[in-house]
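Just so it is clear: chains get the letters A, B, ... in the order the sequence lines come, proteins before strands, and each one is counted from 1.
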2 protein chains.
Amino acid sequence: MKHAHTHDLEHDLLAAAQWCAKRGEKLTDQRREVLALLLSAQGSMKAYDLLAEIQKQRPTAAPPTVYRALDFLVTAGLAHKLESKNAFVACCDFEHPHHGLMLICDRCHKVTELSDERLAARLAEDAAGHGFSVAAQDIEVRGLCRNCRDGDTKGAA
Amino acid sequence: MKHAHTHDLEHDLLAAAQWCAKRGEKLTDQRREVLALLLSAQGSMKAYDLLAEIQKQRPTAAPPTVYRALDFLVTAGLAHKLESKNAFVACCDFEHPHHGLMLICDRCHKVTELSDERLAARLAEDAAGHGFSVAAQDIEVRGLCRNCRDGDTKGAA
DNA sequence: CCAAAGACGTTATGTTATAACATCTAATGC
DNA sequence: GCATTAGATGTTATAACATAACGTCTTTGG
């Protein structure tokens, strides 16, 4: 089980590195490490939690270490910031531009990222009707995921 | 001009007080003062900017003073928190429950609040398709308002 | 009046994020 | 190769955002 998981992780990291290369950027060790933590996390992670993990390997790491990596990952489309939680999550499909719709479970904290271009289009249309040009949209929805709604008792932190 | 503006503000504050009373709550002086600041603001305001304004009258006011008022106003539906800016804005129509779609201008910082129930329904439908029950949604869109997009040079801060 | 609940005062602290500047590293041109 | 330079990182300090905790006051209902 751990093996399969590791394999997926390595695969994702490789794809991310290639994605960066395509953009003329580099997935450095620090960026890779932060991305690996996000990919391995069950849900989103806070910057200072990431920092604590990084510090296990690199005791001298400081806040800028992780914030720089996060800025890079978010700008590159490899991760998203969840504004309503001040937390970060790996992007589910960074190779395809999409408008993320984040379903954030308030109980188990897992995040499901959907993409609905028609929803995004409707939103842009509403905005345009008011003379507003959309540059970025961030739809975050709080609620309960299927497991937690159905009374699952294992998901809670 | 100032007269009309003051009149509107008083009207809004009165309506807000009545709204609170209907809910069995009170719009106290501090809450009213914070709401008045939000209503008078051109765009959103930060908690510590509100605090600075409050301190002009009440030099001993501290962060909890303003955060308590803001928590109350947001819970009562009289204000919204803009998660992507860590800022607060008065609700445009607190008497009618609605799903706000916030158009936030990145240049002049004005906020236009729309309500599109069909958009909200579509969003809830997407979520339900993944077994997710929506509890709260916060749609924040960043971009440029009509004036700023059209090259207005007066709106910038 | 008395008790309970809610609002507020006050101090301290926790949490999130960035400024500023030094140093290191890697790609580029010569 | 070697200098240049842009990008990345190290490091210290601090700014910006938010809440915990506890005491007091005020209102309200019994």
Side-chain angles (χ1 to χ4, degrees), chain A residues 16-17 20-35 37-38 44-76 78-89 109 138 140 157, chain B residues 16-17 20-35 37-38 41 43-76 78-89 109 138 140 157:
Chain A
C20 291
K22 207 181 282 182
R23 293 164 45 93
E25 294 175 318
K26 277 170 283 188
L27 189 67
T28 61
D29 286 348
Q30 294 193 20
R31 294 164 180 175
R32 186 196 319 274
E33 193 172 358
V34 170
L35 180 56
L37 288 167
L38 291 179
S44 57
M45 288 189 75
K46 300 274 205 164
Y48 277 72
D49 292 337
L50 288 163
L51 177 57
E53 290 301 316
I54 300 274
Q55 284 176 332
K56 289 179 181 173
Q57 310 275 353
R58 237 183 232 283
T60 64
T65 305
V66 64
Y67 278 105
R68 283 167 179 157
L70 287 168
D71 284 349
F72 174 86
L73 295 173
V74 169
T75 300
L78 294 167
H80 297 286
K81 177 173 184 179
L82 302 180
E83 300 284 2
S84 66
K85 294 185 69 171
N86 292 320
F88 299 84
V89 67
H109 309 295
D138 214 40
E140 297 181 21
Chain B
C20 291
K22 207 181 281 184
R23 295 164 43 97
E25 294 175 317
K26 278 172 283 190
L27 190 68
T28 61
D29 287 350
Q30 294 193 17
R31 293 165 180 173
R32 184 195 320 274
E33 193 172 356
V34 170
L35 180 57
L37 287 168
L38 291 179
S44 57
M45 288 189 74
K46 301 272 205 168
Y48 277 70
D49 291 338
L50 288 163
L51 177 58
E53 289 301 315
I54 300 278
Q55 284 175 333
K56 290 180 182 172
Q57 310 276 352
R58 238 181 230 283
T60 64
T65 305
V66 64
Y67 280 106
R68 283 167 178 156
L70 287 169
D71 284 349
F72 173 87
L73 295 172
V74 169
T75 300
L78 294 167
H80 298 284
K81 177 171 184 179
L82 302 181
E83 301 284 1
S84 66
K85 293 186 69 172
N86 293 322
F88 300 84
V89 66
H109 308 293
D138 215 40
E140 297 181 19

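Where A:F72 and B:Y48 meet DNA chain D, the nucleotide closest to each residue was compared, and A:F72 sits on the side nearer the 5' end. Mapped onto DNA chain C by nearest heavy atom, A:K81 and A:K26 fall at different nucleotides, with A:K81 at the one closer to the 5' end. Nucleotides of DNA chain C nearest to B:N86 and B:T60 differ in position, and the one nearer the 5' end is that of B:T60.
Bounding nucleotides for the chain B contact on DNA chain D, 5' to 3', at a heavy-atom distance below 4.0 Å, are D:dC17 to D:dT27.
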May I have the step-by-step check of side-chain contact (heavy atoms from CB on, under 4.5 Å) for A:F88 and A:K46, ending in yes or no? CA-CA 6 Å; A:F88 299 84; A:K46 300 274 205 164; over 6 Å; no
Output, in order, the C-alpha distance, side-chain angles, deciding distance and verdict of side-chain contact (heavy atoms from CB on, under 4.5 Å) for B:R58 and B:E33. CA-CA 11 Å; B:R58 238 181 230 283; B:E33 193 172 356; 4.2 Å; yes
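Closest non-hydrogen pair, A:L35 versus A:A16, comes out as CD2-CB, 3.5 Å.
Note: CG (B:L51) to P (C:dG9) measures 12 Å, nearest angstrom. Atom pair A:D49:CG and C:dG14:P shows a separation of 16 Å (rounding to whole Å applied). Nucleotide C:dA22 holds its P atom 14 Å from the CZ atom of A:R68, rounded to whole Å. Rounded to whole angstrom, the span from the CG atom of B:L27 across to the P atom of C:dG6 amounts to 17 Å.
Here the side chains of B:L70 and B:L38 are in contact, with some heavy-atom distance below 4.5 Å. A 4.5 Å side-chain heavy-atom check between B:K26 and B:C20 finds every atom pair outside the cut-off.
OP1 or OP2 of C:dA7 lies within a sub-4.0 Å distance of a side-chain N or O belonging to B:R31.
When each of C:dT11, C:dC21, C:dC8 is scored by its nearest atom to the side-chain atoms of B:Q30, the top-ranked nucleotide is C:dC8.
Note that CD of B:Q55 is 9.5 Å distant from OH of B:Y48, once rounded to the nearest 0.5 Å. Atoms CG and CG, on A:L82 and A:D138 in that order, are 8.0 Å from each other to the nearest 0.5 Å. Annotation: the span from A:T65 atom OG1 to A:Q30 atom CD amounts to 5.5 Å, rounded to 0.5 Å.
Between its opening and closing five pairs, the helix from C:dC1-D:dG30 to C:dC30-D:dG1 changes axis direction by 30°, a value rounded to 10 degrees.
Residue B:E140 is tested with B:H80, B:K81, B:E83 for a side-chain contact (heavy atoms from CB on, under 4.5 Å); the sole match is B:E83.
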